[in-house]
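All remarks here apply to the structure that follows.
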Amino acid sequence: ETGVTQTPRHLVMGMTNKKSLKCEQHLGHNAMYWYKQSAKKPLELMFVYNFKEQTENNSVPSRFSPECPNSSHLFLHLHTLQPEDSALYLCASSQDGRGGVQATQYFGPGTRLLVL
Amino acid sequence: QQPVQSPQAVILREGEDAVINCSSSKALYSVHWYRQKHGEAPVFLMILLKGGEQKGHEKISASFNEKKQQSSLYLTASQLSYSGTYFCGTEEAQGGSEKLVFGKGTKLTVNP
(Lines give C-alpha, C1' and ligand atoms only; values in the text may rest on other atoms or scores of the structure.)
Protein backbone atom coordinates (compact mmCIF):
# COMPACT_ATOMS: atom_id res chain seq x y z
CA GLU A 1 0.00 0.00 0.00
CA THR A 2 1.19 3.49 -0.78
CA GLY A 3 0.00 6.96 0.16
CA VAL A 4 -3.01 7.37 2.41
CA THR A 5 -5.63 4.64 2.70
CA GLN A 6 -9.06 4.77 4.30
CA THR A 7 -11.53 2.08 5.26
CA PRO A 8 -14.34 1.55 4.75
CA ARG A 9 -14.95 3.43 1.53
CA HIS A 10 -18.70 3.47 2.06
CA LEU A 11 -20.69 3.22 5.28
CA VAL A 12 -24.40 3.29 6.02
CA MET A 13 -25.39 3.49 9.65
CA GLY A 14 -28.39 4.15 11.79
CA MET A 15 -28.48 6.92 14.36
CA THR A 16 -28.03 4.49 17.24
CA ASN A 17 -25.08 2.61 15.75
CA LYS A 18 -21.42 2.86 16.70
CA LYS A 19 -18.84 2.62 13.95
CA SER A 20 -15.23 3.60 13.32
CA LEU A 21 -13.41 5.01 10.34
CA LYS A 22 -9.79 4.06 9.83
CA CYS A 23 -6.99 5.94 8.12
CA GLU A 24 -3.44 4.76 7.53
CA GLN A 25 -0.61 6.68 5.93
CA HIS A 26 2.46 5.05 4.40
CA LEU A 27 4.41 8.28 3.80
CA GLY A 28 6.37 8.55 7.04
CA HIS A 29 4.47 11.71 7.99
CA ASN A 30 3.93 13.01 11.50
CA ALA A 31 0.73 15.04 11.15
CA MET A 32 -2.71 13.63 10.35
CA TYR A 33 -6.07 15.29 9.76
CA TRP A 34 -9.79 14.55 9.55
CA TYR A 35 -11.96 16.63 7.23
CA LYS A 36 -15.69 16.58 6.59
CA GLN A 37 -16.71 17.41 3.04
CA SER A 38 -20.28 18.23 2.15
CA ALA A 39 -22.02 20.34 -0.44
CA LYS A 40 -22.43 23.20 2.04
CA LYS A 41 -18.87 23.26 3.41
CA PRO A 42 -16.43 21.89 0.87
CA LEU A 43 -13.43 21.14 3.14
CA GLU A 44 -14.24 21.44 6.83
CA LEU A 45 -11.31 20.69 9.13
CA MET A 46 -12.32 18.56 12.12
CA PHE A 47 -9.20 17.39 13.94
CA VAL A 48 -5.43 17.68 13.66
CA TYR A 49 -2.85 15.40 15.23
CA ASN A 50 0.83 16.22 15.22
CA PHE A 51 3.24 13.58 16.55
CA LYS A 52 0.22 11.73 18.00
CA GLU A 53 -0.95 14.74 19.99
CA GLN A 54 -4.24 16.43 19.16
CA THR A 55 -3.49 20.02 18.27
CA GLU A 56 -6.81 21.09 16.79
CA ASN A 57 -10.44 20.34 17.53
CA ASN A 58 -12.51 22.57 15.33
CA SER A 59 -15.58 22.67 17.61
CA VAL A 60 -16.59 19.19 16.55
CA PRO A 61 -19.57 17.58 18.37
CA SER A 62 -18.63 14.91 20.89
CA ARG A 63 -20.42 12.23 18.85
CA PHE A 64 -17.20 12.26 16.78
CA SER A 65 -14.23 10.92 18.76
CA PRO A 66 -10.77 10.77 17.16
CA GLU A 67 -7.95 8.45 18.16
CA CYS A 68 -4.34 8.51 17.01
CA PRO A 69 -2.41 5.54 18.46
CA ASN A 70 0.71 6.31 16.39
CA SER A 71 1.83 8.64 13.61
CA SER A 72 0.68 6.22 10.91
CA HIS A 73 -2.86 5.50 12.07
CA LEU A 74 -5.87 7.67 12.73
CA PHE A 75 -9.37 6.62 13.70
CA LEU A 76 -12.67 8.44 13.88
CA HIS A 77 -15.15 6.80 16.22
CA LEU A 78 -18.78 7.57 15.48
CA HIS A 79 -21.78 7.20 17.78
CA THR A 80 -25.35 8.48 17.82
CA LEU A 81 -24.86 10.41 14.62
CA GLN A 82 -27.48 12.60 12.97
CA PRO A 83 -28.60 12.56 9.33
CA GLU A 84 -26.85 15.90 8.80
CA ASP A 85 -23.56 14.13 9.54
CA SER A 86 -23.86 12.35 6.21
CA ALA A 87 -20.87 13.44 4.15
CA LEU A 88 -17.53 12.41 2.73
CA TYR A 89 -14.92 12.07 5.49
CA LEU A 90 -11.40 12.64 4.28
CA CYS A 91 -8.19 11.80 6.04
CA ALA A 92 -4.93 13.56 5.16
CA SER A 93 -1.33 13.56 6.33
CA SER A 94 1.60 15.94 6.10
CA GLN A 95 5.25 15.83 7.06
CA ASP A 96 4.88 17.95 10.20
CA GLY A 97 4.05 21.42 11.42
CA ARG A 98 7.10 23.30 10.25
CA GLY A 99 5.31 24.92 7.35
CA GLY A 100 5.84 25.22 3.62
CA VAL A 101 6.54 21.96 1.87
CA GLN A 102 6.24 20.13 5.19
CA ALA A 103 2.65 21.34 5.47
CA THR A 104 1.58 19.93 2.09
CA GLN A 105 -1.24 17.53 2.74
CA TYR A 106 -1.86 14.24 1.00
CA PHE A 107 -5.41 12.95 1.09
CA GLY A 108 -6.94 9.53 1.28
CA PRO A 109 -9.87 8.50 -0.94
CA GLY A 110 -12.42 9.20 1.78
CA THR A 111 -15.29 7.35 3.42
CA ARG A 112 -18.73 8.15 2.07
CA LEU A 113 -21.00 8.09 5.15
CA LEU A 114 -24.78 7.94 5.08
CA VAL A 115 -26.68 8.26 8.36
CA LEU A 116 -30.27 7.04 8.25
CA GLN B 1 -8.65 33.18 8.09
CA GLN B 2 -10.26 31.49 5.09
CA PRO B 3 -8.90 32.63 1.70
CA VAL B 4 -11.37 33.87 -0.89
CA GLN B 5 -11.47 32.02 -4.17
CA SER B 6 -12.94 33.37 -7.38
CA PRO B 7 -14.78 32.58 -9.49
CA GLN B 8 -16.95 30.00 -7.73
CA ALA B 9 -17.50 28.15 -10.99
CA VAL B 10 -16.36 28.33 -14.58
CA ILE B 11 -17.39 26.46 -17.71
CA LEU B 12 -15.00 26.14 -20.63
CA ARG B 13 -14.83 24.52 -23.98
CA GLU B 14 -11.85 22.30 -24.60
CA GLY B 15 -8.85 24.41 -25.56
CA GLU B 16 -9.93 27.55 -23.73
CA ASP B 17 -8.02 29.18 -20.88
CA ALA B 18 -9.07 29.93 -17.31
CA VAL B 19 -7.71 31.78 -14.30
CA ILE B 20 -8.63 30.98 -10.70
CA ASN B 21 -7.75 33.43 -7.96
CA CYS B 22 -7.07 32.94 -4.26
CA SER B 23 -6.88 36.03 -2.07
CA SER B 24 -6.11 36.80 1.54
CA SER B 25 -6.32 39.98 3.59
CA LYS B 26 -2.99 39.08 5.21
CA ALA B 27 0.41 38.25 3.80
CA LEU B 28 0.78 34.50 3.48
CA TYR B 29 3.68 32.17 4.11
CA SER B 30 2.62 29.73 1.41
CA VAL B 31 -0.16 28.79 -0.97
CA HIS B 32 -0.93 25.19 -1.91
CA TRP B 33 -3.15 24.30 -4.89
CA TYR B 34 -5.21 21.12 -5.09
CA ARG B 35 -7.58 19.61 -7.64
CA GLN B 36 -10.42 17.28 -6.72
CA LYS B 37 -12.21 15.31 -9.38
CA HIS B 38 -15.74 14.16 -8.75
CA GLY B 39 -15.82 11.26 -6.31
CA GLU B 40 -12.07 11.36 -5.70
CA ALA B 41 -9.70 12.77 -3.09
CA PRO B 42 -8.05 16.19 -3.51
CA VAL B 43 -4.69 15.88 -5.23
CA PHE B 44 -1.80 18.25 -4.58
CA LEU B 45 -0.74 20.29 -7.62
CA MET B 46 1.89 22.73 -6.43
CA ILE B 47 3.10 25.01 -3.66
CA LEU B 48 4.22 28.63 -3.88
CA LEU B 49 6.44 30.12 -1.22
CA LYS B 50 8.10 33.26 -2.57
CA GLY B 51 6.62 36.61 -3.51
CA GLY B 52 6.70 37.01 -7.27
CA GLU B 53 7.13 33.26 -7.78
CA GLN B 54 5.71 31.51 -10.81
CA LYS B 55 5.56 27.76 -11.15
CA GLY B 56 4.25 25.40 -13.78
CA HIS B 57 2.93 21.86 -14.00
CA GLU B 58 2.31 20.79 -17.60
CA LYS B 59 -0.21 23.35 -18.88
CA ILE B 60 -1.23 24.37 -15.38
CA SER B 61 0.81 27.11 -13.75
CA ALA B 62 0.47 29.43 -10.80
CA SER B 63 1.80 32.72 -9.51
CA PHE B 64 2.18 34.35 -6.11
CA ASN B 65 2.16 38.13 -6.08
CA GLU B 66 4.90 40.25 -4.54
CA LYS B 67 2.84 41.10 -1.47
CA LYS B 68 2.08 37.41 -0.98
CA GLN B 69 -1.63 38.07 -0.59
CA GLN B 70 -2.88 36.66 -3.86
CA SER B 71 -2.19 33.58 -5.90
CA SER B 72 -3.58 32.75 -9.31
CA LEU B 73 -3.85 29.38 -11.02
CA TYR B 74 -3.65 29.43 -14.81
CA LEU B 75 -5.07 26.64 -16.94
CA THR B 76 -4.15 27.00 -20.59
CA ALA B 77 -5.51 25.08 -23.56
CA SER B 78 -7.81 23.23 -21.18
CA GLN B 79 -8.41 19.52 -21.56
CA LEU B 80 -11.41 17.45 -20.51
CA SER B 81 -9.24 15.98 -17.75
CA TYR B 82 -8.92 19.40 -16.11
CA SER B 83 -12.53 19.26 -14.94
CA GLY B 84 -12.88 19.24 -11.17
CA THR B 85 -12.90 21.51 -8.18
CA TYR B 86 -9.77 23.51 -7.46
CA PHE B 87 -8.90 24.49 -3.90
CA CYS B 88 -6.22 26.77 -2.56
CA GLY B 89 -4.87 26.08 0.91
CA THR B 90 -2.97 28.82 2.70
CA GLU B 91 -0.55 29.18 5.57
CA GLU B 92 -0.36 32.49 7.38
CA ALA B 93 2.88 31.91 9.24
CA GLN B 94 5.76 29.47 9.01
CA GLY B 95 5.44 26.85 11.68
CA GLY B 96 2.59 28.75 13.29
CA SER B 97 0.23 25.90 12.64
CA GLU B 98 0.45 22.62 10.86
CA LYS B 99 -2.89 23.17 9.25
CA LEU B 100 -3.78 24.69 5.92
CA VAL B 101 -6.86 26.86 5.61
CA PHE B 102 -8.73 25.98 2.43
CA GLY B 103 -10.86 28.21 0.25
CA LYS B 104 -14.36 27.16 -0.76
CA GLY B 105 -13.18 25.90 -4.11
CA THR B 106 -13.73 26.73 -7.78
CA LYS B 107 -15.63 24.22 -9.86
CA LEU B 108 -14.19 23.94 -13.35
CA THR B 109 -16.10 22.17 -16.10
CA VAL B 110 -14.47 21.57 -19.46
CA ASN B 111 -16.84 20.54 -22.23
CA PRO B 112 -15.94 19.05 -25.64
Side-chain angles (χ1 to χ4, degrees), chain A residues 2-7 9-10 23 25 27 29-58 68 71 74 87-112, chain B residues 1-9 20 22 24 26-51 53 55 57 62 64 68 71 84-108:
Chain A
T2 58
V4 182
T5 58
Q6 289 186 243
T7 55
R9 295 294 308 277
H10 301 271
C23 174
Q25 59 93 2
L27 300 169
H29 289 166
N30 295 300
M32 297 188 76
Y33 310 77
W34 279 118
Y35 287 89
K36 176 183 177 183
Q37 188 174 43
S38 61
K40 291 185 177 180
K41 294 185 179 181
L43 272 174
E44 186 179 1
L45 180 66
M46 299 176 73
F47 301 103
V48 180
Y49 279 82
N50 199 22
F51 292 92
K52 300 188 298 179
E53 298 296 321
Q54 188 180 123
T55 55
E56 182 96 14
N57 177 337
N58 201 21
C68 188
S71 292
L74 185 64
L88 179 68
Y89 288 85
L90 289 163
C91 173
S93 71
S94 68
Q95 184 65 44
D96 55 37
R98 285 181 289 173
V101 175
Q102 284 83 4
T104 298
Q105 293 181 22
Y106 296 86
F107 287 82
T111 295
R112 178 70 63 184
Chain B
Q1 188 173 12
Q2 186 176 44
V4 177
Q5 279 189 243
S6 62
Q8 291 185 343
I20 299 171
C22 175
S24 171
K26 296 182 178 181
L28 300 167
Y29 177 69
S30 71
V31 176
H32 304 234
W33 284 99
Y34 290 79
R35 175 173 63 202
Q36 184 178 26
K37 297 191 176 185
H38 183 68
E40 300 180 10
V43 174
F44 172 70
L45 294 176
M46 65 188 83
I47 178 177
L48 296 111
L49 287 164
K50 300 176 182 177
E53 181 177 8
K55 184 175 282 190
H57 174 72
F64 202 7
K68 301 182 74 175
S71 178
T85 300
Y86 290 78
F87 294 95
C88 65
T90 59
E91 285 183 282
E92 290 189 0
Q94 179 185 10
S97 170
E98 60 279 307
K99 71 177 183 182
L100 296 176
V101 182
F102 287 94
K104 293 185 177 180
T106 297
K107 185 175 182 180
L108 176 71

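First the proteins, then the strands, lettered A, B, ... as listed; each starts at 1.
- Within 6.0 Å of atom CD in B/Q2, more than 12 heavy atoms from other residues, nucleotides or ligands are found, so the atom counts as buried in its surroundings.
- The local environment of NZ in B/K55 is crowded, with over 12 non-hydrogen atoms from other residues, nucleotides or ligands closer than 6.0 Å.
- Remark: A/Y35 pairs with A/F107, B/F102 by the ring-ring contact (aromatic ring centres under 6.0 Å, His included) rule, at least two apart or across chains.
- Between the CG atom in B/L100 and the OG1 atom in A/T104 there is a gap of 7.0 Å [rounded to 0.5 Å].
- Heavy atoms of A/E44 lying under 4.5 Å from chain B are absent altogether.
- The environment of B/K37 atom NZ is dense: over 12 non-hydrogen atoms of other residues, nucleotides or ligands sit within 6.0 angstrom.
- Heavy atoms only, all atoms of each residue included: B/H32 and A/A103 are closest at CE1-C, 3.9 Å.
- Taken to the nearest 0.5 Å, the CG atom of A/L90 stands 6.5 Å off from the CD atom of B/Q36.
- Remark: side-chain polar atoms of B/Y34 are paired, donor with acceptor, to backbone N or O of A/Q105 under 3.5 angstrom.
- Among B/G39, B/P42, B/A41, B/G103, the residue making the largest number of heavy-atom pairs under 4.5 Å with chain A is B/P42.
- Interatomic distance, B/E40 CD to A/L88 CG, rounded to the nearest 0.5 Å: 11.5 Å.
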